[in-house]
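Given the structure is predicted, the values throughout are model-derived calculations rather than measurements.
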Amino acid sequence: MTEDNRRRRRTTGSYAAADARRAAVVEAASRLFAEQGYHRTSLAQVARAAGVSQTGLLHHFKGKDVLLLAVLGFHDRSRAARFDPPTHGLRRLLDHMLDTLREEVRSPGLTRLFATTAGEATDPAHPAHDYFRRRFEVMRENNARAVRASIEAGLVRADVDPEALGRALVAVADGLTAQWLMDPSFDVVQHVRKHLEMLMRDIVTDGGGLTAP
């Protein structure tokens, strides 16, 4: 093996090890933030749980706010990777919404982390302010694209406003999820499903609801 090949193998191995350490830190932070809350979790606790030194953690994540953004981004990307494109239409998007809610119910700590951070991030000085502003923008845009696709396919009435409906769908899901976080006996999935069913029956052209007739 040539010296260049050995050097490339060492470099590749170093990158892989660094990626593994970053992944371990994000996984540990996700669990601790969900269990204890972001503010009650220290970087030292995260480092111990991830099996790295605090200095090593700070090498990859320059501060706790940077680590929080990494945790939020990781879980958002994981969910988005399982979704069909908005161009598949409104019914498919609403199926995804309900699937996401079921997942959130199974992970209340993580759901509370997103909801709490989103509320705090209304302050423009919050480190996650831009993240959540963009997140809500993407959600509204994707919802509107799904509505437009269904209008173009003749499934949804042509007089429906895609942007207004896209914004309303975000409000419904987030508002009812907040009620569930306050009162876990509240069946958020069932209530959102009923709301979406009524909505669809009012705007679709085939006489169906969440599912085709």
Side-chain angles (χ1 to χ4, degrees), residues 30 34 69 71-119 121-122 128-213:
S30 297
L69 292 175
V71 168
L72 298 174
F74 170 76
H75 288 286
D76 271 339
R77 289 191 300 273
S78 296
R79 290 170 178 170
R82 301 195 299 272
F83 285 2
D84 293 330
T87 50
H88 284 213
L90 187 56
R91 276 194 175 122
R92 189 66 189 127
L93 180 133
L94 297 182
D95 281 343
H96 285 320
M97 182 184 293
L98 291 170
D99 287 343
T100 298
L101 280 171
R102 293 185 188 98
E103 184 176 317
E104 290 176 349
V105 168
R106 292 192 294 268
S107 304
L110 188 61
T111 303
R112 184 171 290 106
L113 174 66
F114 269 85
T116 300
T117 308
T122 57
H129 177 78
D130 288 341
Y131 180 89
F132 275 97
R133 184 176 63 179
R134 178 57 183 160
R135 185 176 189 261
F136 283 122
E137 181 182 333
V138 169
M139 292 168 66
R140 293 193 301 268
E141 288 175 351
N142 284 342
N143 291 350
R145 288 174 62 197
V147 176
R148 288 192 203 97
S150 290
I151 291 173
E152 292 168 3
L155 174 64
V156 169
R157 295 195 330 257
D159 63 335
V160 171
D161 183 334
E163 283 72 27
L165 181 52
R167 191 178 292 272
L169 290 173
V170 175
V172 168
D174 283 6
L176 290 175
T177 297
Q179 293 183 48
W180 167 72
L181 287 170
M182 296 294 292
D183 177 12
S185 67
F186 173 69
D187 190 339
V188 62
V189 176
Q190 185 63 16
H191 277 77
V192 171
R193 172 180 282 281
K194 287 180 179 178
H195 185 92
L196 298 180
E197 184 71 35
M198 289 188 295
L199 168 71
M200 287 295 284
R201 290 190 179 280
D202 186 53
I203 65 173
V204 296
T205 59
D206 63 5
L210 286 173
T211 58

For M139, the side-chain contact (heavy atoms from CB on, under 4.5 Å) test, sequence neighbours excluded, returns R135, F136, V170

Please tabulate, one pair per line, all N/O donor-acceptor pairs under 3.5 Å involving side-chain atoms of residues 171-181, not counting sequence neighbours.
unit_1	atom_1	unit_2	atom_2	d
T177	OG1	A173	O	2.7

Can you list every pair that meets ring-ring contact (aromatic ring centres under 6.0 Å, His included) and has a residue in residues 152-177, with sequence neighbours left out?
none

So, using side-chain contact (heavy atoms from CB on, under 4.5 Å) as the criterion, who are the partners of P86 when residues are at least two apart?
N142, R145, A146

Compile the donor-acceptor pairs under 3.5 Å between side chains in residues 184-192 and protein atoms, sequence neighbours left out, one pair per line.
unit_1	atom_1	unit_2	atom_2	d
S185	OG	D183	OD1	2.6
S185	OG	D183	OD2	3.2
D187	OD1	V189	N	3.4
D187	OD1	Q190	N	3.0
H191	ND1	D187	O	3.0

Side chains of V204 and L90 in contact at under 4.5 Å (non-hydrogen atoms):
no

Residue pairs meeting ring-ring contact (aromatic ring centres under 6.0 Å, His included), one or both in residues 152-178, sequence neighbours left out, come to none

Assess the residue pair I203 and L165 against the criterion (side chain to side chain contact (heavy atoms under 4.5 Å, CB included)); give the C-alpha distance rounded to whole Å, side-chain angles, the decisive distance to 0.1 Å, and a yes or no.
CA-CA 11 Å; I203 65 173; L165 181 52; 3.8 Å; yes

Under the salt bridge (charged side-chain N to carboxylate O under 4.0 Å, His left out) rule, what pairs show up with a residue in residues 204-213, not counting sequence neighbours?
R91-D206

So which of T100, V105, D99 actually passes side chain to side chain contact (heavy atoms under 4.5 Å, CB included) with R102?
D99

All side-chain contact (heavy atoms from CB on, under 4.5 Å) counterparts of T211, not counting sequence neighbours
none

Contacts of type side-chain contact (heavy atoms from CB on, under 4.5 Å), residue T205, not counting sequence neighbours
R157

Sequence neighbours excluded, which residues qualify as ring pair (Phe, Tyr, Trp, His ring centres under 6.0 Å) partners of H75?
none

Indicate yes or no: at least one non-hydrogen side-chain atom of H88 is less than 4.5 angstrom from one of H96.
no

Quick one: salt bridge (charged side-chain N to carboxylate O under 4.0 Å, His left out) partners of R167, sequence neighbours excluded?
none

Under 4.0 Å between a Lys/Arg side-chain N and an Asp/Glu carboxylate O for R134 and E137?
yes

Sequence neighbours excluded, every pair satisfying ring-ring contact (aromatic ring centres under 6.0 Å, His included) that has a member inside residues 194-213
none

